[in-house]
Protein chains: 2
Amino acid sequence: MQDLEKILENKNVKPTAMRLLVLQLLRNKNAAVSLTDLEDHFIKSDRTTIYRTLKTFVKNEIAHKIVDGTGITKYALCEENCHCEIETDLHVHFHCKICNETICFPKNKIPYIKLPDGYEADNVSLTVTGICDKCNT
Amino acid sequence: MQDLEKILENKNVKPTAMRLLVLQLLRNKNAAVSLTDLEDHFIKSDRTTIYRTLKTFVKNEIAHKIVDGTGITKYALCEENCHCEIETDLHVHFHCKICNETICFPKNKIPYIKLPDGYEADNVSLTVTGICDKCNT
DNA sequence: CACATAAATGCACTTCCGTTGCACTATAAA
DNA sequence: TTTATAGTGCAACGGAAGTGCATTTATGTG
């Protein structure tokens, strides 16, 4: 619990109760979570507060915003030493259409994409949709 | 115009007026379009009709559904001989955060992603976000 | 300690998009 | 012509993201 505060302070984010709770949950879950997930979990807290907490986390490079094709924004903790650089820090995500979970594949870095002249990339997302190992018969 | 009907009939879709219009627009645009885009363009037509037209197109492999990270579903025509197979038919998409357009890079096929044992893929999306050549200074 | 300021939180509300149910219309088959 | 089927239009719902404003909590200063 102590080190959770450290994580926030290192990113210049004040360790409020809400932030610590969200951070803790993100850390214990290896799947990406949505705003609604958090809302259902922290029933005493307001949606807006959680919403803004996540926004702060993304802005201060504590968490990633993940696009998994469901249309619902998910969030997951950045890896250690992540600076959200597109060449080095981005990995593949997998969305299971059965259990509806979205998980990170940190080992699978996103390969380099050569764009035509004039195009400039600042983010890349690669999502695989299918059936995860647990849901696979 | 004649061949538009052919395209639909080849996919077992009856060539109604609405479908021909949507197909024509998708063909002339090299960018992916959203339901709202079409709605704004065909102001005399109902949203639901266009929605279902797109749904039919996707089901019958006339168009792709595209995830570009904006949270808004976009659509683009399948390439010739596309069967929406993940190994061969899927390509990279680029979303420009300035002009808000999403375009296809049919030349950039999505590289093969090796998943852990037990995982089964049925779709892959790779989207690059940034600034397109037209919006780049 | 008292006060002033700023940050964080909670509540209400809005907007946007996707989706569905139902009635109506046009088209194709008998 | 009648009947069935497919397509279209209208209305409405629900989920999710986002905003404005009031209230509470934390922080700093005299």
Side-chain angles (χ1 to χ4, degrees), chain A residues 4-5 7-9 11-25 32-60 62-76 95 97 100 102 125 129, chain B residues 4-5 7-9 11-25 32-60 62-76 95 97 100 102 125 129:
Chain A
L4 290 176
E5 296 196 17
I7 294 174
L8 294 179
E9 280 163 2
K11 305 282 188 176
N12 294 314
V13 173
K14 272 192 229 166
T16 67
M18 184 81 265
R19 289 170 181 169
L20 288 168
L21 286 170
V22 172
L23 179 59
Q24 191 182 30
L25 188 143
V33 298
S34 68
L35 176 56
T36 306
D37 291 338
L38 293 168
E39 195 188 347
D40 293 343
H41 196 264
F42 301 119
I43 41 176
K44 291 196 292 184
S45 302
D46 189 72
R47 249 223 348 280
T48 313
T49 306
I50 305 172
Y51 168 71
R52 288 197 256 244
T53 298
L54 291 169
K55 209 172 170 184
T56 303
F57 280 13
V58 171
K59 201 183 94 191
N60 295 58
I62 295 166
H64 278 292
K65 195 184 267 201
I66 296 173
V67 175
D68 66 2
T70 61
I72 297 163
T73 309
K74 305 280 170 66
Y75 300 87
H95 175 72
K97 61 183 179 182
N100 219 28
T102 300
S125 91
T129 309
Chain B
L4 289 177
E5 297 196 17
I7 294 174
L8 295 179
E9 280 162 2
K11 304 283 189 177
N12 294 313
V13 173
K14 272 193 229 166
T16 68
M18 184 83 264
R19 288 170 181 168
L20 288 168
L21 286 170
V22 172
L23 180 59
Q24 191 183 28
L25 188 143
V33 297
S34 68
L35 175 57
T36 306
D37 290 338
L38 292 169
E39 197 189 347
D40 293 343
H41 195 264
F42 300 119
I43 41 177
K44 291 197 291 183
S45 303
D46 190 73
R47 208 177 138 65
T48 314
T49 306
I50 305 172
Y51 168 71
R52 288 197 257 244
T53 298
L54 291 169
K55 209 172 170 183
T56 303
F57 280 13
V58 171
K59 201 183 96 194
N60 295 57
I62 295 167
H64 278 293
K65 197 185 266 200
I66 297 173
V67 176
D68 66 1
T70 61
I72 297 162
T73 308
K74 305 279 172 66
Y75 301 87
H95 175 72
K97 62 184 180 181
N100 220 27
T102 299
S125 90
T129 309

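Sequence lines set the chain letters: A, B, ... in the order given, protein chains first and strands last, and positions in each chain run from 1.
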In whole angstrom, give the distance that lies between atom [atom1] of [X] and atom [atom2] of [N].
X       : N      : atom1 : atom2 : value
B:Ile72 : D:dG18 : CD1   : P     : 11 Å
B:Leu8  : C:dT27 : CG    : C1'   : 16 Å
B:Arg47 : C:dG18 : CZ    : P     : 7 Å
A:Lys59 : D:dG18 : NZ    : P     : 15 Å
B:Leu38 : C:dC16 : CG    : C1'   : 16 Å
A:Leu54 : C:dT9  : CG    : P     : 12 Å
A:Asp37 : D:dG15 : CG    : P     : 14 Å
A:Asn12 : C:dA8  : CG    : P     : 12 Å

From the list [options], which nucleotide is the closest neighbour of the side chain of [X]?
X       : options                : answer
B:Thr16 : D:dC21, C:dC17, D:dT8  : D:dT8
B:Lys14 : C:dA28, C:dA7, D:dC10  : C:dA28
B:Ser45 : D:dA16, D:dG9, C:dC17  : D:dG9
A:Asp46 : C:dG21, C:dG18, C:dG10 : C:dG10
A:Leu35 : C:dC17, D:dA17, C:dT9  : D:dA17
B:Thr48 : D:dC10, D:dT19, C:dT19 : D:dC10

So [X], base contact, sugar-phosphate only, or nothing? Heavy-atom distance under 4.0 Å.
X       : answer
A:Ser34 : nothing
B:Arg19 : sugar-phosphate
A:Thr73 : sugar-phosphate

Counting just side-chain N and O atoms, does [X] come under 4.0 Å of either OP1 or OP2 of [N]?
X       : N      : result
B:Tyr51 : C:dG18 : no
B:Thr49 : D:dG9  : yes
B:Lys55 : C:dT20 : yes

Checking only heavy atoms, does the side chain of A:Arg52 share a donor-acceptor pair with the base of C:dG10 at less than 3.5 Å?
yes
When you look at NZ of B:Lys11, are more than 12 heavy atoms from neighbouring residues, nucleotides or ligands closer to it than 6.0 Å?
yes
About how many Å separate [atom2] of [Y] and [atom1] of [X], when rounded to the nearest 0.5 Å?
X       : Y       : atom1 : atom2 : answer
A:Thr70 : A:Lys97 : OG1   : NZ    : 14.5 Å
B:Leu25 : B:Phe42 : CG    : CZ    : 4.5 Å
A:Leu38 : A:Met18 : CG    : CE    : 7.5 Å

Sort out for me which residue in B:Thr49, B:Thr56, B:Ile50 forms a side chain to side chain contact (heavy atoms under 4.5 Å, CB included) with B:Arg19.
B:Thr56
B:Tyr75 or A:Ile50: which one's nearest nucleotide on DNA chain C is closer to the 5' end?
A:Ile50
A:Lys74 side chain reached by A:Leu35 side chain, heavy atoms, under 4.5 Å
no
